[in-house]
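Computed from a predicted model, the values in this text were never measured in an experiment. In what follows, every chain begins at residue 1, and chains take the letters A, B, ... in the order their sequences are listed.
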2 protein chains.
Amino acid sequence: MREVGWPAAIPVVDRNSIVPIYQQIYEDLRESILAGTLPETTRLPPERVLAERLGVNRSTVVHAYRALVSDGLVEQRVGSGSRVARAIGHPPRTADVPWWITLPPWQVGAFPQVLGELAATFHGERISFVQGVPPVEPSPLEELARSFARVAGDPDYVLSYGDSEGHAPLREAIAARMRARSCNVDARDVLVLTGSTQGITLVAQSLAEPEDEIIVEQPTYPGALQIFAIARLRAIPVAVDHGGIRVDHVEEILRTRRPRFIYTMPSLHNPTGVTMNADRRQRLVTLAGRARVPIVEDDPYGALAKTQTPPLVALAPKSVIYLSTFSKTIAPSLRLGWLTAPRTIYERLLLRKQSYDMATSLYVQAGVCDYLARDYDAHVVRLRGELTARHALARATIARAWPKTMRLTPSAGGFYLWITAPRDLRARALLDAAEREGATFLFGEAFFATSGGDHNLRLAITPVTHEQLVSGIERIGRAMAALSGR
Amino acid sequence: MREVGWPAAIPVVDRNSIVPIYQQIYEDLRESILAGTLPETTRLPPERVLAERLGVNRSTVVHAYRALVSDGLVEQRVGSGSRVARAIGHPPRTADVPWWITLPPWQVGAFPQVLGELAATFHGERISFVQGVPPVEPSPLEELARSFARVAGDPDYVLSYGDSEGHAPLREAIAARMRARSCNVDARDVLVLTGSTQGITLVAQSLAEPEDEIIVEQPTYPGALQIFAIARLRAIPVAVDHGGIRVDHVEEILRTRRPRFIYTMPSLHNPTGVTMNADRRQRLVTLAGRARVPIVEDDPYGALAKTQTPPLVALAPKSVIYLSTFSKTIAPSLRLGWLTAPRTIYERLLLRKQSYDMATSLYVQAGVCDYLARDYDAHVVRLRGELTARHALARATIARAWPKTMRLTPSAGGFYLWITAPRDLRARALLDAAEREGATFLFGEAFFATSGGDHNLRLAITPVTHEQLVSGIERIGRAMAALSGR
């Protein structure tokens, strides 16, 4: 292998990027040529050699080289391969550099599109356990449509931007429900958000700077990991066990390091379904308070627990920034969430929230506010019942249809099942087999800030009918059996 | 003055911060004491001296010192003033530092709350020319409510997140309308946004890094200036005259500097109402293309012009990131906008957009998509007529009721009037007088990245009735007369 001759011509490719690999090769070489790193007449590696080196199909490299030829940057001759073209007769090369080549590098994490994948609506004809959306039954739609109809004709709601803090009556309604969960919250502590995802970005950008460390649970919500990667924060993972985050590990970390915040989902944790026990809750807030490291409590599911646990913010209002959403209790397409924060931080978050969208849709806020005053609380009670029924059904089906070697994390409810496969069964292989059987789910790696999760799978039990829930679990069971039998 | 003894005890205060000044003084001194910069027993400046030095009321300093005393950090004795307290007998001081004191400094610009102010609904009983909202008549509400009612019962729209790129039929409807304005745009070039404000933040965070330079128009949309300040970009202002941005100045800047992008509003510019002429449009895109500096074209008002001008993106699709919104043509509370961008950049913007809110409300997107297919185009035509009528009414009233010394920038339409007062009349003084007469508007400084604008005022002619438009302009006229008569 004559690699020695072309080290500068071996592009760096990122298999997890959403940018096609041929385009990465093309852009990398193009930049090197235009920048002069690869001078005129330099031989490029033969297509086959580069393909082997990068572990890609030869046609991918062919495609990239062809694009360079059509730019006039590379010449190809039969027998003598590909060379960087002479510039003579061409306009000065730098004039060809597109402006985006000079941009700072992308910061997108290991699973860059994961938020988009979690949001995407189409999963083909398979039974999909991917999305954390509420079940279609019990449906809030009829009452919600009535609430929207009540506000849709009012120019005060529709032809205005509204206050960046949020619609005052909605903030009061949210605060009242938090007070019912033992939180000492006033309407003015509530900042309405366009979904709680916005709150994660808000804290990532407001409480930390690039390269700062933060603590995350492992596993955790992959959307949060994408956000932290984009904000260039360094996530220190701490394991979650049956009692919640390992507070003893947090304590150890805080002995020597100063993370900017601790991101945790203490109630019906995504993906494990675990609810942090009372002892750890108290220890965590005490520890964080003493170390002066704020806790970012993400609580999309807490209101849906059979047994209500007060959020962490109830224990330590000055140390906790609390995030929640109506995506799981009413409907995701509302894009309506909120946070509460200590006053000093509230102002900072408010300013940055304005930069994301000025204010959250007042029309949506007014509609939901109307709905909260009418059917919401009854709907949440119905939803809790439905989740309990689905967990029972899923567990019974798993007990019947899956090999005993699959371990299901015991949980208190919520939208997900978190499964650990035995050592000889990788979740990605299982996913391939399951998709052939007509069912799909998320594999575990996406939930891990560092390596790990390759034997884990997450099943959302809400985006399917009861029949599909049973049938989909059976299909995955058949895939398991097929793989074990190999 | 014994200032020499306490340089470390002179806090830095920011008059434009939304944090009260007493709190800034308190927090600054508190941090210095806890950090040891002001050691035990150090004398603090007498309240009167510090107040003079900072140009604030004495009571502000008294208030701040009192908070420090109540923290146990400062001791006050009659006759010997204020000193940093001895720590003996107190718990270790560092335990008292709230975690937010260690946060990086706020980055909020000269008018930090301006996006919030532009969004806010309440302006008291005055006739308010502040907000750039569409007029109440012609109203889109009835048809829009019908469109929302059509989609509100569909779980596919309400119980889903939807694709982060946006609802496919909406992207197609947007692309079709851009093609009708001479832009070569495909549905896949369209990224749906939660208002075009989101697009400004998106480019500010994706195309540049803190301390990078960008070019902005002067005057320009103050919300954009707030966003650039939060992103810590350095705005190089370029004047706007009757032909649009001074392209000759842009050329001069590009000779020696490499700004990350040029932010411009070429059609019905906010605040001046100017539409860039054809010659400058061509020169600007040529210049930007040659220098490889992308143009961020903000176009909230272009569709409302009497005479349609193709956007800049029609001239140079590879150099322009185009932003627009339905806030001005339908309703601001939709929080629905979009951008188009060259493919490579599109992917980058898409990833970051996901971090702001996963996806824009699918319910809102589906409702607006239905409305676009029905009444939208007719509504826009009616709106253009209404704006023409309002401009005529406003100009006639100004000609009759205002002193001839006030200069009105000639404009092609849009939501605003931009007025320059004579040298001896400051806009802030005029605003005070106008508010006493019962009318309010925005003063010019907020539209300037650097100093300037202190003799300018912006009147939005849309958020009022025709009667209020006349009466409000007359009231401002009375304020002008009163000030000139002084």
Item to check | Exercise: identify the closest heavy-atom pair between Val158(B) and Pro332(A) | outcome: O-CD, 3.7 Å
Item to check | Heavy-atom donor-acceptor pair, Ser355(A) side chain to Thr201(B) backbone, under 3.5 Å | outcome: no
Item to check | Reported OH-to-CG distance for the pair Tyr157(A) and Leu141(B), which is rounded to 0.5 angstrom | outcome: 13.0 Å
Checklist entry - By a 4.5 Å heavy-atom criterion (distance strictly below it), what part of Val364(A) contacts chain B: side chain, backbone, both, or neither? => result side chain
Checklist entry - Does the side chain of Gln205(B) come within less than 4.5 Å of Ile230(A)'s, by heavy atoms? => result no
Checklist outcome for this item: Highest number of heavy-atom pairs under 4.5 Å with chain B among Arg343(A), Arg146(A), Arg335(A) belongs to Arg335(A)
Checklist entry - At their closest point, which heavy atom of Ile330(A) faces which heavy atom of Leu159(B), and how far apart are they? => result O-CD2, 3.5 Å
Checklist entry - Who wins among Ala224(A), Gly116(A), Ala145(A) for the most heavy-atom pairs under 4.5 Å with chain B? => result Gly116(A)
Next on the checklist: Heavy-atom pairs under 4.5 Å with chain B - which of Pro134(A), Ala366(A), Ser160(A), Ala149(A) has more of them than the others?
Outcome noted: Ser160(A)
Checklist entry - Can you tell which of Glu142(B), Lys318(B), Gln365(B) has the highest number of heavy-atom pairs within less than 4.5 Å of chain A? => result Lys318(B)
Checklist entry - Is it the backbone or the side chain of Pro342(B) that comes under 4.5 Å from a heavy atom of chain A, or both, or neither? => result side chain
Item to check | Residues forming a side-chain contact (heavy atoms from CB on, under 4.5 Å) with Ala291(B), sequence neighbours excluded | outcome: Leu254(B), Arg258(B), Val293(B)
Checklist entry - Tyr363(A) vs Tyr363(B) aromatic rings, parallel, tilted or perpendicular, using cut-offs 30° and 60°? => result parallel
Next on the checklist: Heavy-atom cut-off 4.5 Å, strictly under: side chain, backbone, both or neither for Pro463(A) against chain B?
Outcome noted: neither
Checklist outcome for this item: Taken to the nearest 0.5 Å, the spacing of Tyr356(A) OH from Ile227(B) CD1 works out to 11.0 Å
Checklist entry - Contact part of Glu117(A) toward chain B, heavy-atom cut-off under 4.5 Å: side chain, backbone, both or neither? => result neither
Checklist outcome for this item: Taken to the nearest 0.5 Å, the spacing of Thr197(B) OG1 from Tyr161(A) OH works out to 6.5 Å
Checklist entry - Highest number of heavy-atom pairs under 4.5 Å with chain A: which of Val151(B), Thr194(B), Leu193(B)? => result Thr194(B)
Checklist entry - Quick one: of Pro294(A), Ser196(A), Ala331(A), who has the most non-hydrogen atom pairs under 4.5 Å with chain B? => result Pro294(A)
Item to check | Which portion of Ser139(B) sits near chain A, non-hydrogen atoms under 4.5 angstrom | outcome: neither
Checklist entry - Backbone N or O of Ser333(A) within a donor-acceptor pair of the Ser361(B) side chain at under 3.5 Å? => result yes
Checklist entry - Do Gln354(B) and Val114(A) have side chains that get closer than 4.5 Å, going by heavy atoms? => result no
Checklist outcome for this item: Taken in chain and number order and not counting sequence neighbours, the residues that satisfy salt bridge (Lys or Arg N to Asp or Glu O under 4.0 Å) with Asp357(A) are Lys353(A)
Next on the checklist: I need the minimum non-hydrogen distance between Gln226(A) and Leu351(B), along with the two atoms involved.
Outcome noted: NE2-O, 3.5 Å
Checklist entry - Between Gly132(A), Gly162(A), Ser319(A), Gly195(A), which residue shows the highest count of heavy-atom pairs closer than 4.5 Å to chain B? => result Gly162(A)
